[in-house]
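The next block holds one structure in the form of structure tokens; read it before the comments.
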Protein chains: 2
Amino acid sequence: MDSGQIEAVKRQILSLEKAQRMAEFFGVLGDTNRWRILSALAVQEMRVGELAEIVGMSESAVSHQLRTLRVMRLVSHERQGRNVVYRLQDDHIVNLYKEVSEHLDEPH
Amino acid sequence: MDSGQIEAVKRQILSLEKAQRMAEFFGVLGDTNRWRILSALAVQEMRVGELAEIVGMSESAVSHQLRTLRVMRLVSHERQGRNVVYRLQDDHIVNLYKEVSEHLDEPH
DNA sequence: ACAACACCTGAACAGGTGTTCATATATCGA
DNA sequence: TCGATATATGAACACCTGTTCAGGTGTTGT
């Protein structure tokens, strides 16, 4: 590669901003407990306390994580009386899970 | 949800091991510079030094990151004389990029 | 109105992550 | 073989992240 080609690639790669947005999103999925929470919500929508018991975390920790998931619009929430019900916002995560699951299952 | 349903969901969620593997993989994609490196390699295969100049990082930092990407089998490498050429291992990452890009571009 | 309940939030602290710097390894040219 | 080049690696350090703990907000039943 000569210096002209180098410059050409520089113009084609992800911008810093776009790369940051990607990293931020994938970073959210880079946590074991958040995957457990998401997989629980993939079974069915549920309240915070129920999530906490299912994944074996404190309610506070779950709440903190749900906040993160909310910001990335992976889950939506709805207050019902004194409870707050969380659900997966759409099936993007399920698709991502399937796609990556294949990758990880490939023989090395 | 009664306690029976709670137990049922507990059995259906991702195991700790599977969740950890998912988190580990996505965590690798949770870094701005790794996305810049991957997007450069998506344009064309290239040497470490070229990557370093294109993404504006030190060669050492790039090398460290490539190691991480290699472990997750996102890139493969081949020594050519004193150079080492890196390339994307397959198109999984490109697919992931497209899928997530849509998600991020959706109106809030 | 008030106590109990369900959830959220901020600060603090421990553990993890990415970069730099110095050095090591590997290959080529003379 | 020796110096130059290209990449890899280990330790150290600064920064980021997730949990806990203490306390706060919002809602219901009496």
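A note on names: the letters A, B, ... follow the listed sequences, proteins ahead of strands, and every chain is numbered from 1. Since the model is a prediction, treat every value here as computed from it, not as a measurement.
Distance CD1 (A/Ile37) to C1' (D/dG18): 11 Å, rounded to an integer number of Å. Per the geometry, CZ belonging to A/Arg70 stands 10 Å off C1' belonging to C/dC7, to the nearest Å. The CZ-C1' distance, from B/Arg34 to D/dC16, rounds to 13 Å in whole Å. Here the P atom of nucleotide C/dA4 and the CG atom of A/Asn83 are 18 Å apart, to the nearest Å. Across the protein-nucleic acid pair, A/Glu24 atom CD and D/dC16 atom C1' stand 13 Å apart, rounded to whole Å. Whole-Å rounding puts the B/Gln20 CD to C/dG15 P distance at 17 Å.
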Return all side-chain donor-acceptor pairs below 3.5 angstrom for residues 42-49 of chain B, not counting sequence neighbours, or 'none' if the list is empty.
from	atom 1	to	atom 2	distance (Å)
B/Glu45	OE1	B/Arg87	NE	2.8
B/Glu45	OE1	B/Arg87	NH2	3.1

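Look at A/Arg36 and A/Asp31 and you find no salt bridge, because none of the NZ, NE, NH1 or NH2 atoms lies under 4.0 Å from a carboxylate O. Salt-bridge annotation for B/Arg21 and B/Glu24: absent, with no side-chain N of the basic residue lying under 4.0 Å from a carboxylate O of the acidic one.
Checked against side chain to side chain donor-acceptor pair (under 3.5 Å), B/Asp90 has the following partners two or more places apart in sequence or in another chain: B/His92.
Put simply, the side chain of A/Trp35 never gets that close to the backbone of B/Leu14: no donor and acceptor are under 3.5 Å apart.
With a 4.5 Å cut-off on side-chain heavy atoms, A/Gln5 and B/Glu50 do not count as touching. Using a 4.5 Å cut-off on side-chain heavy atoms (C-beta onward), A/Arg70 and A/Tyr86 make contact. In this structure, the side chains of B/Leu38 and A/Ile13 stay at 4.5 Å or more apart for every pair of heavy atoms.
Under the side chain to side chain donor-acceptor pair (under 3.5 Å) criterion, the residue pairs touching residues 56-68 of chain B are B/Arg34-B/Gln65, with sequence neighbours excluded.
For D/dA6, the OP1/OP2 oxygens have no side-chain nitrogen or oxygen of B/Tyr86 closer than 4.0 Å. Contact between the side-chain N/O atoms of B/Asn33 and the OP1/OP2 oxygens of C/dT19 is found at a separation under 4.0 Å.
Comparing B/His77 and A/Gly27 against DNA chain D, the residue whose closest nucleotide sits nearer the 5' end is B/His77.
Using modelled atom types and a 3.5 Å distance limit, the side chains of B/Ser101 and A/Lys18 yield a donor-acceptor pair.
Shown for residues 47-69 of chain B: residues whose heavy atoms fall under 4.0 angstrom of DNA chain C, namely B/Met57, B/Ser58, B/Ser60, B/Ala61, B/His64, B/Gln65.
By the 30° and 60° cut-offs, the orientation of the rings of B/Phe26 relative to A/Phe26 is parallel.
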(request) Kindly express the pairing pattern of DNA chain D in dot-bracket notation, using | wherever a base pairs with another strand and counting only Watson-Crick or G-U pairs under 3.5 Å. (result) ||||||||||||||||||||||||||||||
(request) Go along nucleotides 25-30 of chain D 5' to 3' and tag each nucleotide: B for a protein heavy atom under 4.0 Å from its base, S when only backbone or sugar atoms are that close, - otherwise. (result) --BB--
